[in-house]
Amino acid sequence: MNRRDFVIGAGAVAVATGGYAFYTSQTSSVDDGFARLNAQDAPADIDTSVIQEMVLGDENAPITMIEYASYTCPHCASFHNNVFHDLQKDYIDTGKVKFVFREVYFDRFGLWASMLARCGGQERFFGVNDLLFSKQSEWLSGGQDGSIAANLNKIGLSAGFTADEITACFEDTDKAQTLIAWYQENATKDNVRATPSFVINGKPQANVNYTELKKVLDAAL
């Protein structure tokens with residue numbers, strides 16, 4: 001799963017969700033609602049305004065930086081593990097950058113991870129986000145639905161969710177469908193073709209090392 005281009009549209013949604021049921025070994029079978037999330041069945045009038053933006057930093061910061069990332073993308077994990085924490089310390093926590101994280105769904109595993117990350121709302125999102133990226137190679141190990149589902153369940157438990165909370169989050173197929181529509185809208189609007197991708201004060205920005213990113217941010221201040 002390299003950093004890769006993707007197509008926005010029905011095909012992408014079908015790859016992400018069609019024909020698979022989510023289940024875990026620790027919470028027994030979870031409702032097979034994911035199998036019903038076929039692109040052909042998705043309503044065209046889904047209200048995506050109900051999806052919460054996940055934001056860090058000062059709302060009135062001079063720079064707004066949006067990251068588009070997939071939880072199954074190794075380059076996204078590399079950015080998070082090697083760049084993001086310096087970015088947070090130097091720019092987000094100091095009030096210079098308002099940081100917005102938006103998920104991209106290459107596949108059903110990325111969607112599952114997103115559902116887990118959003119399980120605790122804004123307050124707990126970035127903590128789970130950190131676990132998903134720092135342990136990416138671990139929870140994706142095995143490459144099979146059952147093993148990945150069980151690994152995600154373990155991450156949820158380690159993040160402090162109860163088994164019932166995790167089950168409820170993964171059974172929320174209406175939210176999953178809305179997340180897919182939301183990601184399509186955002187990626188189309190910002191012409192996102194690969195991950196990680198960034199938008200800084202409305203302008204697209206390629207994935208670069210931290211030294212180069214600092215130059216871009218400092219020039220925008």
Side-chain angles (χ1 to χ4, degrees), residues 1 4-24 27-55 66-73 76 100-126 128-129 132 139-140 144-146 148-153 155-156 159 161-195 197:
M1 285 178 288
R4 53 206 151 153
D5 292 344
F6 62 96
V7 177
I8 303 300
V13 179
V15 169
T17 61
Y20 292 94
F22 187 97
Y23 63 93
T24 73
T27 60
S28 71
S29 294
V30 176
D31 180 71
D32 66 351
F34 280 99
R36 299 194 298 271
L37 289 179
N38 295 312
Q40 298 93 325
D41 301 327
D45 58 347
I46 293 176
D47 179 12
T48 59
S49 67
V50 299
I51 299 299
Q52 183 178 17
E53 289 277 22
M54 295 303 174
V55 181
I66 302 171
E67 178 187 2
Y68 286 94
S70 165
Y71 286 118
T72 60
C73 161
C76 300
V100 182
F101 184 90
R102 292 177 179 171
E103 303 96 295
V104 169
Y105 307 124
F106 286 136
D107 45 51
R108 62 192 181 281
F109 303 140
L111 177 60
W112 296 352
S114 176
M115 296 286 283
L116 179 65
R118 289 176 171 271
C119 197
Q122 171 82 37
E123 182 178 350
R124 300 174 76 175
F125 177 84
F126 284 99
V128 181
N129 186 67
L132 288 167
W139 66 264
L140 282 174
Q144 300 298 317
D145 288 19
I148 290 176
N151 291 341
L152 285 173
N153 188 60
I155 286 180
F161 298 123
T162 67
D164 287 344
E165 287 173 330
I166 295 169
T167 300
C169 286
F170 286 125
E171 285 182 330
D172 192 349
T173 55
D174 287 341
K175 184 173 183 178
Q177 206 167 48
T178 305
L179 279 170
I180 292 168
W182 171 79
Y183 122 80
Q184 288 180 300
E185 285 182 4
N186 288 330
T188 299
K189 178 184 64 178
D190 285 332
N191 194 31
V192 176
R193 308 306 303 173
T195 58
S197 288

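Any value given below was found using the heavy atoms of this structure, including those in side chains, with hydrogens, waters and symmetry copies removed. It should be emphasised that the depicted structure is a prediction, and the values quoted were computed from it without experimental measurement.
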Could you check whether any side-chain heavy atom of [X] comes within less than 4.5 Å of a side-chain heavy atom of [Y], counting everything from C-beta outward?
X    : Y    : answer
L116 : F170 : yes
Y183 : E103 : no
L111 : Y71  : no

Nearest 0.5 Å, please: how far is [atom2] in [Y] from [atom1] in [X]?
X    : Y    : atom1 : atom2 : result
N153 : I166 : CG    : CD1   : 4.5 Å
I66  : S197 : CD1   : OG    : 11.5 Å
D172 : L179 : CG    : CG    : 8.5 Å
R193 : D190 : CZ    : CG    : 12.5 Å
C119 : M115 : SG    : CE    : 8.5 Å

What closest approach, in Å, do V128 and A117 show between heavy atoms, and which atom pair accounts for it?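 Smallest interatomic distance, heavy atoms only, reads CG1-CA, 3.7 Å.
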
Main-chain N/O of [Y] paired to [X] side chain as donor or acceptor, under 3.5 Å:
X    : Y    : result
E67  : R102 : no
W112 : L152 : no
T173 : A176 : no
Q177 : D174 : no
T188 : E185 : no

Has R118 got its NZ or CZ under 6.0 Å from the middle of the six-membered ring of W182, at an angle within 45 degrees of the ring axis?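 Yes, R118 and W182 form such a contact.
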
Between [X] and [Y], do the side chains contain an N or O donor and an N or O acceptor separated by less than 3.5 Å?
X    : Y    : value
T72  : S70  : yes
Y105 : S114 : yes
Y68  : N186 : no
S49  : D47  : yes

How are the rings of F125 and F101 set relative to one another: parallel (under 30°), tilted (30 to 60°) or perpendicular (over 60°)?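 Tilted, since the angle between the ring planes falls between 30° and 60°.
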
